[in-house]
Each structure stands twice: as structure tokens, then as C-alpha cells.
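The figures that follow rest on heavy atoms only: side chains count, while hydrogens, waters and symmetry mates do not. We're numbering straight along the sequence, starting at 1.
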Amino acid sequence: MSSKRRKPRVSSVPSRFHVIENHQRRVYVPLPELRRFFLRMNREMGLDAQSAFVRLVTDAEMRRLNTQYRHKPKTTDVLSFPTEQRAHPRSLRTRARQLRGTFLGDIAISPTVARRNARAFGRSLSQEICVLMLHGVLHLLGYDHENDRGEMERVEAKLRSRLELN
């Protein structure tokens with residue numbers, strides 16, 4: 001019998017226990033810290049721990065997704081993919097109560113773009129990814145900053161303050 005251990009097989013199906021998976025190697029990301037924040041954020045919003053799935057992707061993958069789904073042939077920092085289209089919520093509390101126990105959808109984040117943003121905004125990479133996860137979950141709940149006259153921005157600012165994000 002060999003003394004070498006075999007590497008465990010990695011399933012392509014995301015584990016709901018690990019709501020954040022890293023599918024890129026270019027930028028180091030502290031997964032345990034991000035997972036703790038994600039759970040805390042969901043509790044603060046009144047959502048279940050496994051309300052969404054976050055995948056950290058390469059810049060090339062983010063560009064592909066942005067081109068395919070938004071027809072913008074460039075990379076971006078975060079994309080949200082809700083399980084269903086949702087109308088703009090009346091309030092975060094009401095929407096969270098309505099959707100408690102529901103899987104909201106998927107979020108893709110590019111750590112490469114997040115690192116650039118973090119430098120530009122004077123934040124750590126972890127803080128920036130946390131900001132992007134919050135932003136992505138708000139989109140999954142039905143908020144849309146392109147059409148809501150600043151409401152999503154106000155909700156996000158309140159939550160960032162409560163979650164101690166710069």
C-alpha cells in the first residue's frame with residue numbers, strides 16, 4: 001500500500017455547506033473569513049445561511065458571463081443570477097421574510113477586478129469582496145440600481161454601516 005494519500009475528487013456540483021467556492025488561482029482570497037461574513041450578512045438581512053451561492057471566477061470567465069448575459073464584452077466585478085425575476089421590493093425586511101428558506105440564486109465575483117477596486121477605494125481585498133457579495137445579494141432580492149432612483153444604494157449603505165464595511 002502506498003503512503004501517498006489520494007486527492008479527494010471534487011464534485012462539479014456546489015456544496016450548499018460551502019456557499020463560497022474559489023474557481024480561480026490568480027488572487028489569494030481568505031475563504032474562511034469570507035464565509036463567516038456571508039453568514040453574518042445573511043443573518044443581518046433575515047435570510048438563511050445558504051440563501052445564495054458565490055463563485056469566485058477568473059477574469060476570462062467573468063468576461064464570458066458578462067458577454068453572454070449582458071452583451072457587454074468586458075470583465076466586471078460582480079454578476080448576479082437570480083433563480084427567478086423578482087419585482088422591486090417594498091422593503092428589505094418584507095422581501096427577506098417572504099423569501100426566507102428560498103435559494104435566491106448565484107453570484108459570480110472576479111477577485112482580479114475586486115483587487116483593482118479595493119486599491120482604488122482604499123479597502124482590503126476581503127472588504128471589497130464582502131461589499132460585492134452584499135451588492136450581489138441585493139440584486140438577487142430584486143433591487144436594481146440602474147432603475148430605482150438610488151434606493152438600492154441607500155439600502156446598501158445602511159447595511160454596509162451595520163456590517164462595518166467601509
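Proximity of a side-chain donor or acceptor of R55 to a complementary backbone N or O of H23 within less than 3.5 Å is not detected. Listed for the R35 side chain is no donor-acceptor partner under 3.5 Å among the backbone atoms of V19.
Residue-environment remark: CD (E153) stays at or below the threshold of 12 foreign heavy atoms within 6.0 Å.
The CZ atom of R26 sits 15.0 Å away from atom CG of L56, with the distance rounded to the nearest 0.5 Å. For the atom pair H88 NE2 and D144 CG, the distance stands at 9.0 Å (nearest 0.5 Å). Interatomic distance, R90 CZ to E151 CD, rounded to the nearest 0.5 Å: 11.5 Å. With rounding to the nearest 0.5 angstrom, the OG atom of S110 is 7.5 Å from the CD atom of Q24. If you take CD on Q98 and CZ on R86, they are separated by 10.0 Å, rounding to the nearest 0.5 Å.
Contact between R154 and R149 at its shortest, heavy atoms only, is NH1-O, 3.4 Å. Contact record, V29 with I129: CG1-CD1, 3.6 Å, taken as the closest heavy-atom pair. Nearest heavy-atom pair across L132 and A114 is CD1-CB, 3.8 Å. The heavy-atom pair separating D48 from N42 by the smallest distance is O-ND2, 3.3 Å. The two atoms that bring M41 and L134 nearest to each other are SD-CA, 3.4 Å, heavy atoms only. R63 approaches P73 most closely through the heavy-atom pair CG-C, 4.2 Å.
Taking the six-membered ring for Trp and thresholds of 30 and 60 degrees, H145 and H135 have ring planes inclined between 30 and 60 degrees apart.
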*Output, in order, the C-alpha distance, side-chain angles, deciding distance and verdict of side chain to side chain contact (heavy atoms under 4.5 Å, CB included) for L159 and L138.*
CA-CA 10 Å; L159 286 166; L138 289 174; 4.1 Å; yes
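With no hydrogens or angles considered, no side-chain donor-acceptor pair links N66 and Q68 at under 3.5 Å.
Electrostatic pairing of E61 and R64 counts as a salt bridge here, judged by a charged N lying under 4.0 Å from a carboxylate O.
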